[in-house]
Participant: 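The structure that follows is given in the form of structure tokens.
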Amino acid sequence: MNTLQQYLDKLQALNFKDMYNGDFFLTWEKSDDEIEAVFTVADALRNLRERNISTKVFDSGLGISLFRDNSTRTRFSFASACNLLGLEVQDLDEGKSQVAHGETVRETANMISFMADVIGIRDDMYIGKGNSYMHEVADAVAQGQQDGILEQKPTLVNLQCDIDHPTQAMADMLHIIHEFGGVENLKGKKLAMTWAYSPSYGKPLSVPQGIIGLMTRFGMDVVLAHPQGYEVFPEVEAVAAQNAQKSGGSFQKTNSMAEAFRDADIVYPKSWAPFAAMEKRTQLYGNGDMDGIQALEKELLAQNAEHKDWACTEALISTTKGGKALYMHCLPADITGVSCKTGEVDASVFDRYRNPLYKEASFKPYIIAAMIFLAKFEHPAKLLKQLEDKGTPRVFR
Amino acid sequence: MNTLQQYLDKLQALNFKDMYNGDFFLTWEKSDDEIEAVFTVADALRNLRERNISTKVFDSGLGISLFRDNSTRTRFSFASACNLLGLEVQDLDEGKSQVAHGETVRETANMISFMADVIGIRDDMYIGKGNSYMHEVADAVAQGQQDGILEQKPTLVNLQCDIDHPTQAMADMLHIIHEFGGVENLKGKKLAMTWAYSPSYGKPLSVPQGIIGLMTRFGMDVVLAHPQGYEVFPEVEAVAAQNAQKSGGSFQKTNSMAEAFRDADIVYPKSWAPFAAMEKRTQLYGNGDMDGIQALEKELLAQNAEHKDWACTEALISTTKGGKALYMHCLPADITGVSCKTGEVDASVFDRYRNPLYKEASFKPYIIAAMIFLAKFEHPAKLLKQLEDKGTPRVFR
Amino acid sequence: MNTLQQYLDKLQALNFKDMYNGDFFLTWEKSDDEIEAVFTVADALRNLRERNISTKVFDSGLGISLFRDNSTRTRFSFASACNLLGLEVQDLDEGKSQVAHGETVRETANMISFMADVIGIRDDMYIGKGNSYMHEVADAVAQGQQDGILEQKPTLVNLQCDIDHPTQAMADMLHIIHEFGGVENLKGKKLAMTWAYSPSYGKPLSVPQGIIGLMTRFGMDVVLAHPQGYEVFPEVEAVAAQNAQKSGGSFQKTNSMAEAFRDADIVYPKSWAPFAAMEKRTQLYGNGDMDGIQALEKELLAQNAEHKDWACTEALISTTKGGKALYMHCLPADITGVSCKTGEVDASVFDRYRNPLYKEASFKPYIIAAMIFLAKFEHPAKLLKQLEDKGTPRVFR
């Protein structure tokens, strides 16, 4: 473990001044320095907590969580992050169906924000909606503060939208950095983001998109693999390609899982729904066409079933670098013979990687807290140092 | 903005000693000094928060919220108020249908209050029930403390009952005071509380009743306007008439929206259900007569539809004092062409007043916090001064 | 009321070092010293709170509540205990039907625990499931901490399982201790834990089992009374018998309520479902046999109805020691003529004992807090003293 001072030194060298009073929507809207700042603050906050030093920078204040979907993991990660900083979580339940617009969004955003320091939104169900909804909310509260209605502008944290899942991808990346002993060791490493078979349908695209949109920034050779027909957003592929070029890595696509796994250092096999199907589903929901949705679901499950061979088996893992690529997943995984008959991964593979998988997940609360921290405080390094100096114990013993 | 000292000086001149250890049910049960004390403490708390000074007077303790209805706004206002003072909110969900009585109320009230410092209740659905339920709860916990069961008596805050909506009316009034530069400038101002058409049915009477029951205390000329058949509780009209006489203002009724708006300084156009219909609905619910309820709803919607001309149009606004009366609403409003085809207010009127409307709403958390503060602390002025002197930052920067 | 120092002195004489970093499942898994330590810390925490001294030992951290059942009382007791110590409650709603196993439990337990200091579980619906589920969770997080995933191991508190209801039984016992002026006065006292008729069906066995499993440890003469066919777990009866032998008291069974009440010092009349029926219900639920469940319910209600004479009447109370045994109940009770036509207790009896009943309940938050305190802190006496010395007011006045 580094000392806190090492993190502070790193922060001093980075330019992240535009994050102050900002929001976090997509990783590729942030500069390399800003991404690095999130990792560094996350590590610093964890360092303090592990030494039983309180990082409660808010004496009072609310963190609003707005989920269109049930979500145990992200919900608890957000709650943990808020609690770590001293904010009390209040859930806003809008229901799944009720996608508000315009006046209603503007009004509700302000009405819940009189004492809110952060709003975390998960809205990943409908293509073309989630991210734009988040922008509506962020614009509304920015305007609210400008107009003298809100005493503070709550920062918006994207807890998963239709395009990106930044807190997941960032937590995953911080895990990789720790596993490989630093970002400087990642150049030339091969990461395979591959589709895998699952008996369920309609898993969000935001995870593979988040992964290729972020992991291509570190000089790695990133491969996106999926059966034909499981394409992700073309815009995000373009982002990945640009990133790779800039970072000195590469971004390639293939329809062969075997090719993607061969000599890979990191593998991320996971099911998702085809982009085109998700677009169609969004339209069907928009029209309230429930018969159409059932028909689509049936069709997609049939399509999935043609690709049961897309699984992270022991055989496939043995073809990776030294037979021991780092296996990653956002969890929960569909484990063959455990959570389903045939799934994304062999039980023995999952078993062997359980600890790293749990560790991977453990970074998320800190990533969220770091995003809040950088948006709310102009001088985070100075503040972290003050917290260490003050040394209020998290648990008074 | 005044200095904190100005608020403290004002408090010194007021007699509000009976509020200590008390509850807040109806504004007209409070003296003028007590009402003034709530406004003053609300302003003082806001003053401290805006200067980043913590007002967390509770190190631990619970604020219980009990809503029979869904309510985003009031729920968040209550949560904000509790958080501002250091109380953690716990929601008690009793469900809409389950109107408890007697033994159950007494027992539940005590069981949830072992560590509760405040209970906020919204129960506005049934005529003759909400307010009396609140009294049952308040009596139970007062008895509980007397009997040595509760270490503290939670104060009860009426977050909307069948008779009054004191936190709304008080927030509205504090907004007026700020807009007009002080309560001393209100004498002779004309306020029009008028019914307006909405395509929905059964909106509570507590808002217009709360408004006429409170706004008549400040020397204003208050006019209540509605179509025939939309009468409010006669008891509250009597309160308004008495208030007006005492304050040197007036209280008048009319069946003409135009008359109410003419030369008005403040207009509050809003839909509500007829008192008689609400009484009938309460009986039908009591008898579980769902067919009767459907029939009543149909009848009321038809009755409403006869009064679509009751709308806050640009034409009507132009007849107010200088064409620019302060437009008020408790939100959400039914905006013509935005949230419905024909509603309470023209979109262009609403647009022009959006900022004042949001500001109006922003007072509610502070009003609730002030009610709690005055019930829990014997010497609020001294305590506010201590908070300023201590100067614990709300956000540690 | 004792002074804090008296409690600290008592703690010094007790051996409870194994509670540190432990969990609380069943009272009979704890030594006499450990049980005594819980009572003593509960009293000490109450002593501090009553003197307005903050016992907030956690500056941040989460308390996770996981309920398979709705539960106002236990939920609020847990929330109160967490709040008293500085932990913010987050509810995990898994739904009633979804009884997770193996991989899912292990994973979820870790995912919610990154910043959790306590997990409280209520899972009492299915015989043979609740307690073992709690162990699965506790094992998972213990492993998680060992593997370096969790920075702290959350302590598990059993908020009611299929076998025991330790926080209820302990709160009941602490109430008895206070009513009788000390544990030293209990030797030879007669306690009657008896079945009583209720018009509802399927009330958990964990209360009578918890009572006979704990109350037999203090030298009392404990009688378990119920109609034939309402047997409790034989394993718990064996525990009770052993306890009685060791403590110098007695444990007897009878099928006569009158016999149990005769000369009793304490009576605890309460409905429960037969063990065998609960086992059958568990199987039916497991098979999704809803018709079977309805048939079973009907059968059980008919069986109950044969024993309407099992009620805590005035006549029966008059046969207790001096006609004034301490009447106890976990609440809510089925009160004849109040909450039901024929129930567990006469209204006049309940009325007379309302205050003691509420006091009985008031110990539960402190019992839960004490269980957490003893699991999280190695030197509780020292810490309690420090809290007193620091003297941070709970309410800043």
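A note on names: the letters A, B, ... follow the listed sequences, proteins ahead of strands, and every chain is numbered from 1.
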Participant: Which atoms of A:I53 are under 4.5 Å from chain C, going by heavy atoms: the side chain, the backbone, both sets, or neither?
Facilitator: neither
Participant: Highest number of heavy-atom pairs under 4.5 Å with chain C: which of A:P332, A:S77, A:S362?
Facilitator: A:S362
Participant: State, yes or no, whether a side-chain contact exists between A:V395 and C:D59 at a heavy-atom distance under 4.5 Å.
Facilitator: no
Participant: Among A:R73, A:K364, A:R49, single out the residue with the greatest number of heavy-atom pairs under 4.5 Å to chain C.
Facilitator: A:R49
Participant: Can you tell me how far the NZ atom of A:K359 sits from the CZ atom of C:F114, to the nearest 0.5 Å?
Facilitator: 11.5 Å
Participant: Is there side-chain contact between C:L383 and A:F396, with at least one heavy-atom pair below 4.5 Å?
Facilitator: yes
Participant: Evaluate the side-chain proximity of C:E103 to A:I335: yes if any heavy-atom separation is below 4.5 Å, no if none is.
Facilitator: yes
Participant: Within the 3.5 Å criterion, strictly below it, is a donor on C:Q143 or A:R354 matched to an acceptor on the partner's side chain?
Facilitator: no
Participant: With a 4.5 angstrom heavy-atom cut-off, which part of A:L85 approaches chain C: side chain, backbone, both or neither?
Facilitator: neither
Participant: For C:D147, is it the side chain, the backbone, both, or neither that has a heavy atom closer than 4.5 Å to a heavy atom of chain A?
Facilitator: both
Participant: Quick one: pull up CE in C:M111 and CZ in A:F76 and give me the separation to the nearest 0.5 Å.
Facilitator: 12.5 Å
Participant: Backbone N or O of C:S60 within a donor-acceptor pair of the A:N83 side chain at under 3.5 Å?
Facilitator: no
Participant: Side chains of C:Q152 and A:E50, heavy atoms from C-beta outward: is any pair under 4.5 Å?
Facilitator: no
Participant: Please classify the contact between C:F58 and chain A as side chain, backbone, both or neither, with a heavy-atom cut-off of under 4.5 Å.
Facilitator: both
Participant: Can you tell me how far CG of C:L92 sits from CZ of A:R75, rounded to the nearest 0.5 angstrom?
Facilitator: 10.0 Å
Participant: Checking C:E88 side chain against A:V89 main chain: does a donor-acceptor pair fall under 3.5 Å?
Facilitator: yes
Participant: At what distance, to the nearest 0.5 angstrom, does CE of C:M115 lie from OH of A:Y366?
Facilitator: 3.5 Å
Participant: What I want to find out is whether A:R394 reaches C:E151 closely enough, with some N-O distance under 4.0 Å, to be called a salt bridge.
Facilitator: no
Participant: Who among A:S339, A:S54, A:A347, A:A81 has the most heavy-atom pairs with chain C under 4.5 Å?
Facilitator: A:S54
Participant: Answer yes or no: is there a donor N or O on one side and an acceptor on the other, between the side chain of A:Y358 and the main chain of C:E107, under 3.5 Å?
Facilitator: yes
Participant: Can you tell me which portion of A:R397 sits under 4.5 Å from chain C's heavy atoms? Options are side chain, backbone, both or neither.
Facilitator: both
